[in-house]
Enquirer: 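First the structure, then my questions, so here it is.
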2 protein chains.
Amino acid sequence: MAQQEPREGRLRPARRLTLTEDVYESIKTLVMDHILPPGERVNIDALARELDVSPTPVREALARLEADGLVRKRPLSGYTTTPLLSRAEFDDLFDVRQLLEGATAGRAATHASAEARQRISVEAAASIDVEAGDGYRRHAAFTALDARFHDLIAEVSGSPLLRDTITRLHSHLHLHRLYFPVAGAPDTNTEHQRIAAAIVAGDAPAATEAMRAHLSAARERHLPAFDQLPTPGTPRDSA
Amino acid sequence: MAQQEPREGRLRPARRLTLTEDVYESIKTLVMDHILPPGERVNIDALARELDVSPTPVREALARLEADGLVRKRPLSGYTTTPLLSRAEFDDLFDVRQLLEGATAGRAATHASAEARQRISVEAAASIDVEAGDGYRRHAAFTALDARFHDLIAEVSGSPLLRDTITRLHSHLHLHRLYFPVAGAPDTNTEHQRIAAAIVAGDAPAATEAMRAHLSAARERHLPAFDQLPTPGTPRDSA
DNA sequence: CAAAGCAACATCCTATAGGAAATAGGTTCC
DNA sequence: GGAACCTATTTCCTATAGGATGTTGCTTTG
């Protein structure tokens, strides 16, 4: 576990309405940031002690996270964090992203309000100031910005179902290797601006194509992560 | 006291490995079959008594169902079953289905094994014997058959992620009005066979188009359900 | 007669305890 | 020396009890 705070400091910042909700967000962050390593066993009691709550809300939060695909539950053996994406799963993910997000970009170009187009344009332009910060911090900021841009387009597409589906997919993306050098930030910004321009211009086919090209390029940028680190596939999936 | 003997009639047929899993399936069936009406409050204790288990596994199952979108949880007010789909949500659902399932049909046509094509062909042909049975029984059988056909194509498409996504969508479809006269069974069979033929022939564009046309027709067939019954939108969503 | 305030109720949420199963380690036998 | 068996520990899973909160119905007042 290796969590520094022994007892007094709580992980969750402020009580929301229900404790379970807070625990859910806390564990989700733990998994997303790989503080709980992928493929690792998750001890319910230990986690409950760590968060200073009873096992019950932890169990409930874990059940939700299982449906989200962030943890797995083997019937009589407890929970484990979902293993890292294999090369095949990663390719599959980006295939589906191209399909879904290409559609959202096209829909956004077709029927989006003027105010929405403005927001997209601003968001794409704001991608510049990511240069600040260093290392992990910089990477986290970049990832968050990218996620926000894609989610914004999904929101504007006018299909709540499509947006939810894509959001779910993005959670899976975080199961990818988080700590690999992100070299293509400038390229990403350029591609984002191309997409934004097509949407603002109302050119649906161009927006779709720009999005698909962006995702294709992003896939290529992520690819080296599979060669330079050990255990490319599922580390300890003994099921 | 842990292994309680079968008291009265139990809802779940046979213990799987974990009690929570059984409870999850039981509640899911209850919601799918509208035994728990859409938009209705779900009492945890009452449900636990009904299933003859403690509230804990019920709570855990409900958490999973919430992630599935079958129930909603209002922070300090308990769980409610998801309201019936509104017209807009229904249209949205079929838009996304056309996008996703059109893709699966095309992919199936492109790269599916000979054995898989055979299975699809058989499944499409087997759609005939639905004529037996009466009323609810017949409708349930037809729905199950339709779901199996679509799932089979998704499975053969070679994209696990796409298949999972579609499966999740189909759960939402069951939130639609379950008890409306299904008049277009023969049409459905014909359309299914057209799709199957295109996949067997390896014609991806034709398979995609056939699937999209099928879903478009199915949408039209379902449409009257919105006119002949009360509360077309969200009945009691006071959030 | 309507609206606001109050009180009782029902329900959810959290905590704790005990039983059952699987895993891991050591020992014994081949 | 290796493999299988047995035992002990750890962990999960289920059940029950108590505190806190939202909701509902009734009464009272304008």
Side-chain angles (χ1 to χ4, degrees), chain A residues 1 7 10-12 14-27 36-37 39-67 71-82 235-239, chain B residues 1-8 10-12 14-27 36-37 39-67 71-82 235-239:
Chain A
M1 205 55 52
R7 184 49 71 101
R10 289 211 186 173
L11 286 173
R12 57 210 138 75
R15 283 285 304 258
R16 203 168 283 108
L17 282 81
T18 64
L19 195 56
T20 299
E21 192 72 18
D22 292 331
V23 173
Y24 171 78
E25 290 296 339
S26 296
I27 301 179
L36 289 171
E40 194 79 1
R41 296 193 59 166
V42 178
N43 188 306
I44 293 180
D45 291 338
L47 210 54
R49 282 194 302 271
E50 184 67 30
L51 272 57
D52 195 25
V53 296
S54 74
T56 306
V58 173
R59 174 173 292 278
E60 196 167 336
L62 246 27
R64 288 184 52 186
L65 286 168
E66 186 194 11
V71 300
R72 292 185 167 281
K73 174 186 176 184
R74 213 165 44 174
L76 272 311
S77 177
Y79 286 93
T80 57
T81 51
T82 302
R236 56 178 65 191
D237 190 72
S238 60
Chain B
M1 72 181 85
Q3 301 296 336
Q4 60 281 62
E5 52 272 31
R7 183 186 290 180
E8 300 291 326
R10 244 186 235 196
L11 287 173
R12 57 208 138 77
R15 282 286 306 260
R16 202 167 282 107
L17 282 80
T18 64
L19 194 56
T20 298
E21 191 72 17
D22 291 330
V23 172
Y24 171 78
E25 292 295 338
S26 296
I27 301 179
L36 288 171
E40 192 78 3
R41 296 192 58 164
V42 177
N43 188 306
I44 293 180
D45 292 338
L47 210 55
R49 283 193 301 272
E50 183 68 29
L51 272 57
D52 195 25
V53 296
S54 75
T56 307
V58 173
R59 173 174 292 276
E60 196 167 336
L62 245 29
R64 288 184 53 187
L65 286 168
E66 186 193 11
V71 299
R72 294 186 167 280
K73 174 186 177 183
R74 214 167 44 176
L76 272 311
S77 176
Y79 287 92
T80 57
T81 51
T82 302
R236 56 176 67 189
D237 190 70
S238 58

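Any value given below was found using the heavy atoms of this structure, including those in side chains, with hydrogens, waters and symmetry copies removed.
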Enquirer: For the atom pair CG (Leu19(B)) and CG (Leu51(B)), what is the distance rounded to the nearest 0.5 Å?
Expert: 8.5 Å
Enquirer: Provide the closest heavy-atom pair for Leu62(A) versus Val71(A) in the form atom of the first, atom of the second, distance.
Expert: O-CG2, 3.7 Å
Enquirer: Is Ser54(A) near enough to dA15(C) that one of its side-chain N or O atoms lies under 4.0 angstrom from OP1 or OP2?
Expert: yes
Enquirer: So which atom in Pro57(B) and which in Val23(B) form the shortest heavy-atom distance, rounded to 0.1 Å?
Expert: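 Result for this residue pair: O-CG1, 4.1 Å.
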Enquirer: Is the shortest side-chain N to carboxylate O distance from Lys73(B) to Glu21(A) below 4.0 Å?
Expert: no
Enquirer: Phosphate oxygens OP1/OP2 of dT14(D): is one of them under 4.0 Å from a side-chain N or O of Thr20(B)?
Expert: yes
Enquirer: From CD of Glu60(B) over to P of dC13(C), roughly how many Å is that when rounded to an integer?
Expert: 15 Å
Enquirer: Could you go through nucleotides 6-12 of chain D and list every protein N or O atom that sits under 3.5 Å from one of its N or O atoms, giving the distance for each pair?
Expert:
{"unit_1": "dT11(D)", "atom_1": "O5'", "unit_2": "Asn43(A)", "atom_2": "ND2", "d": "3.3"}
{"unit_1": "dC12(D)", "atom_1": "OP1", "unit_2": "Val42(A)", "atom_2": "O", "d": "3.2"}
{"unit_1": "dC12(D)", "atom_1": "OP1", "unit_2": "Ile44(A)", "atom_2": "N", "d": "3.1"}
{"unit_1": "dC12(D)", "atom_1": "OP2", "unit_2": "Asn43(A)", "atom_2": "OD1", "d": "3.2"}

Enquirer: Find the distance between CD (Glu66(A)) and OH (Tyr79(A)) and round it off to the nearest 0.5 Å.
Expert: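 Atom-to-atom, Glu66(A):CD and Tyr79(A):OH are 5.5 Å apart.
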Enquirer: Starting at CG of Leu19(B) and ending at P of dA21(C), how long is that distance when rounded to a whole Å?
Expert: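 In whole Å, dA21(C) P lies 13 Å from Leu19(B) CG.
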Enquirer: For Pro37(B) versus Thr81(B), what's the shortest heavy-atom pair and its separation?
Expert: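 Taking every non-hydrogen atom into account, O-OG1, 2.6 Å.
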Enquirer: Distance check needed: dT16(D) P versus Asp52(B) CG, whole Å only.
Expert: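 Rounded to whole Å, this separation is 10 Å.
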